[in-house]
Visitor: 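Have a look at this one.
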Amino acid sequence: MSLLVVGVDFCGVRPYTINIAAPSKTYDKAFKSEIVALELPTRKSQGVEETATYLSSKDAPRMGMISAIGSRFESLIEGVALESPRYYFAANPFPPKKGYWHLQVPHDVSLGCNADRAHRAGTTGRGINVVMVDSGHFAHPFFSARG
């Protein structure tokens with residue numbers, strides 16, 4: 001299927017998603033809705049608490065969602081999800097010291113699962129792949145420092 005929409009940049013097409021970019025007026029017109037900017041409290045890099053600008057539809061069923069109901073796209077899509085701002089932490093590779101008992105990651109987890117016994121016996125997990133579905137990867141210094 002070929003689709004030409006004036007004023008819209010198609011950034012990526014996947015089996016279940018289409019990433020597009022357009023001025024807010026284009027969304028307003030296409031979905032008969034008004035996009036508003038909301039200043040909301042956010043934790044940014046280094047854990048700094050500030051506000052950030054989030055976009056949403058005035059009549060959004062959920063924050064950051066534009067419903068397709070009542071638009072010419074109603075039979076094609078459920079709606080449009082507006083991307084939220086992302087702030088990556090430039091974190092310290094060592095967790096903060098606490099005055100109460102808590103797990104020290106990763107070594108207390110290893111001990112609690114008896115993984116240290118397996119490691120001493122020569123079972124390391126080398127060659128085993130583990131997959132976690134996530135929105136992205138951040139090379140946290142704690143894990144980078146430990147290979």
Visitor: Distance check, rounded to the nearest 0.5 Å: Phe10 atom CZ versus Ile18 atom CD1?
Guide: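 Between Phe10 CZ and Ile18 CD1, I get 6.0 Å after rounding to 0.5 Å.
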
Visitor: May I ask you to decide if Ile35's main-chain N or O and Asp28's side chain share a donor-acceptor pair within less than 3.5 Å?
Guide: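 Side chain of Asp28 to backbone of Ile35: a pair is present.
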
Visitor: With rounding to the nearest 0.5 angstrom, report the OG1 to CD1 distance, Thr17 to Ile77.
Guide: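 The CD1 atom of Ile77 is 12.0 Å from OG1 of Thr17, to the nearest 0.5 Å.
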
Visitor: Please examine the side chains of Thr51 and Thr42, heavy atoms only from C-beta on, and report whether any two atoms are closer than 4.5 Å.
Guide: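 No, their side chains stay 4.5 Å or more apart.
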
Visitor: Applying side-chain hydrogen bond (donor to acceptor under 3.5 Å, both in side chains), name anything that partners Lys98, two or more places apart in sequence or on another chain.
Guide: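 With neighbours one apart ignored, the set is empty.
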
Visitor: Taking salt bridge (charged side-chain N to carboxylate O under 4.0 Å, His left out) as the definition, give me every residue that meets it alongside Glu34, ordered by chain and number, with sequence neighbours left out.
Guide: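 For Glu34, the residues satisfying salt bridge (charged side-chain N to carboxylate O under 4.0 Å, His left out) (neighbours in sequence not counted) are Lys58.
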
Visitor: Flag the pair Asp59 / Phe31 as yes when at least one side-chain heavy-atom distance between them is below 4.5 Å, and no otherwise.
Guide: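 No, every pair of side-chain atoms sits at 4.5 Å or beyond.
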
Visitor: Transitive ILVMFWY cluster of Met65 at side-chain heavy atoms under 4.5 Å: who else is in it?
Guide: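 None, because no other hydrophobic side chain comes under 4.5 Å of this residue.
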
Visitor: Kindly write out the residues that satisfy side-chain hydrogen bond (donor to acceptor under 3.5 Å, both in side chains) with Ser84, not counting sequence neighbours, or none if the list is empty.
Guide: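 So Ser84 forms no side-chain hydrogen bond (donor to acceptor under 3.5 Å, both in side chains) with any residue.
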
Visitor: State, with a plain yes or no, whether a side-chain heavy atom of Tyr27 is found less than 4.5 Å away from one of Ile20.
Guide: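 Tyr27 reaches Ile20 side chain to side chain.
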
Visitor: State plainly whether the residues Glu78 and Arg62 are in salt-bridge range, i.e. N to O under 4.0 Å.
Guide: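 The answer is yes: the pair qualifies as a salt bridge.
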
Visitor: Please answer whether the main-chain N or O of Ile69 pairs with a side-chain N or O of Ser67 as donor and acceptor at a distance below 3.5 Å.
Guide: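 A pair under 3.5 Å: yes.
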
Visitor: Has Ser56 got a side-chain atom pairing as donor or acceptor with Gly64's backbone, closer than 3.5 angstrom?
Guide: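 Answer holds: yes.
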
Visitor: Which atom pairs, donor and acceptor, lie under 3.5 Å between side-chain atoms of residues 114-132 and protein residues at least two apart or in another chain?
Guide:
unit_1: Asp116; atom_1: OD2; unit_2: Arg120; atom_2: NH1; d: 3.1
unit_1: Thr124; atom_1: OG1; unit_2: Arg126; atom_2: N; d: 3.1

Visitor: Among Ile, Leu, Val, Met, Phe, Trp and Tyr joined by side-chain contacts under 4.5 Å, find the other residues sharing a cluster with Val36 and list them by chain and number.
Guide: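 For the cluster that includes Val36, the remaining residues are Leu38, Leu40, Tyr54, Met63.
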
Visitor: List the steps and the verdict of side-chain contact (heavy atoms from CB on, under 4.5 Å) for Thr53 and Glu39.
Guide: CA-CA 5 Å; Thr53 305; Glu39 285 297 312; 2.2 Å; yes

Visitor: Check whether any side-chain heavy atom of Leu103 sits under 4.5 Å from a side-chain heavy atom of Trp101, and report yes or no.
Guide: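 Leu103 vs Trp101: side chains touch.
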
Visitor: Are Leu55 and Tyr87 linked, directly or through intermediate hydrophobic residues, by side-chain heavy-atom contacts shorter than 4.5 Å (ILVMFWY only)?
Guide: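 Looking at the clustering, Leu55 is in a separate group from Tyr87.
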
